[in-house]
Amino acid sequence: MDKASAGQPLILRIQAEIASVPQGQTCSYGAIATRAGAPGRARLVGKVLREAPAELGLPWHRIIRADGRPAFPPESEAWREQYRRLLNEGVELRQGKVPEHQRARTEDIDALLWRPSY
DNA sequence: GACATGACCGATG
DNA sequence: CCATCGGCCATGT
């Protein structure tokens, strides 16, 4: 978490982290929570996403579970929409899972990446 | 206050 | 691979 966001309310920091995931990449709920300064609070990320107003235009589809799968029930409407959006921006899905190379890990973050993969 | 329910997660068997 | 459990904790009944 950087200094600029350190004082912000947790919810806002989480929204900011979600917004910072570049297209073509995905990130887990847990990693977003950790990056926002709330390790172990993945469920809160889900809540924030669920309640975030659409006007914010958050890239909700880039947030997936730690096992690489979308969090919605398979074959549900939301699941399909997420799947569609991901494919649409170049994220692969093999057996319903996003491959490792398109998942941003918490470790990577502060140091290197946070730019579209290669 | 108890109890259940989440867009979750990691460890363990 | 699957199931269970303990962590996490806001919300609703």
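Within every chain, numbering begins at 1; the chains are lettered A, B, ... in the order of the sequence lines, protein sequences first and strands thereafter. All figures in this text were calculated on a predicted structure; none of them were measured in a lab.
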Measure the distance from CZ on R43(A) to P on dG10(B) and round it to the nearest whole Å. 13 Å
Close approaches to DNA chain C from residues 73-100 of chain A, in residue order (heavy atom, under 4.0 Å): none
For dA7(B) and dG7(C), measure between their P atoms and round to the nearest Å. 22 Å
What is the distance, to the nearest angstrom, from the CG atom on L58(A) to the P atom on dA7(B)? 17 Å
Per nearest nucleotide of DNA chain C, the residue lying toward the 5' end, A42(A) or E51(A), is A42(A)
Shortest non-hydrogen contact from P73(A) to S76(A)? O-OG, 2.7 Å
Using atom CG of L49(A) as one end and atom C1' of dA7(B) as the other, report the distance to the nearest whole Å. 6 Å
Give a yes or no on whether a salt bridge exists between R85(A) and E81(A), defined as a side-chain N under 4.0 angstrom from a carboxylate O. yes
I63(A) CD1 to dC9(B) P: how many Å, rounded? 10 Å
R105(A) with E100(A): basic N within carboxylate O range, under 4.0 Å: no
Please test Q15(A) against L58(A) for side chain to side chain contact (heavy atoms under 4.5 Å, CB included), starting from the C-alpha separation and ending with a verdict. CA-CA 8 Å; Q15(A) 292 179 340; L58(A) 293 182; 4.3 Å; yes
Spacing of R50(A) atom CZ relative to dA7(B) atom C1', expressed in whole Å: 7 Å
To the nearest angstrom, the CD1-C1' distance between I18(A) and dC8(B) comes to 13 Å
Restricting to non-hydrogen atoms, name the atom on E75(A) and the atom on R80(A) that form the minimum distance, rounded to 0.1 Å. O-NH2, 2.6 Å
Going by side chain to side chain donor-acceptor pair (under 3.5 Å), name the pairs with one or both residues in residues 41-50 of chain A, residues two or more places apart or in two chains. K47(A)-E51(A)
So the contacted stretch of DNA chain C, first to last nucleotide with an atom under 4.0 Å from a non-hydrogen atom of chain A, runs from dG7(C) to dT11(C)
Using atom CG of L44(A) as one end and atom P of dG6(B) as the other, report the distance to the nearest whole Å. 17 Å
State, to 0.1 Å, how close S28(A) and I63(A) come at their nearest heavy-atom pair, and which atoms those are. C-CG2, 4.3 Å
Please classify the nucleic acid contact of R41(A) as base, sugar-phosphate, or nothing, using heavy-atom distances under 4.0 Å. sugar-phosphate
Nearest-Å distance for atom pair CD1/P, residues I11(A) and dA7(B): 15 Å
Specify the closest pair of heavy atoms between A78(A) and W60(A), including all atoms of both residues, with the distance to one decimal. O-CH2, 4.3 Å
State plainly whether one hydrophobic cluster holds both V21(A) and L12(A), where clusters connect Ile, Leu, Val, Met, Phe, Trp and Tyr through side-chain heavy atoms under 4.5 angstrom apart. no
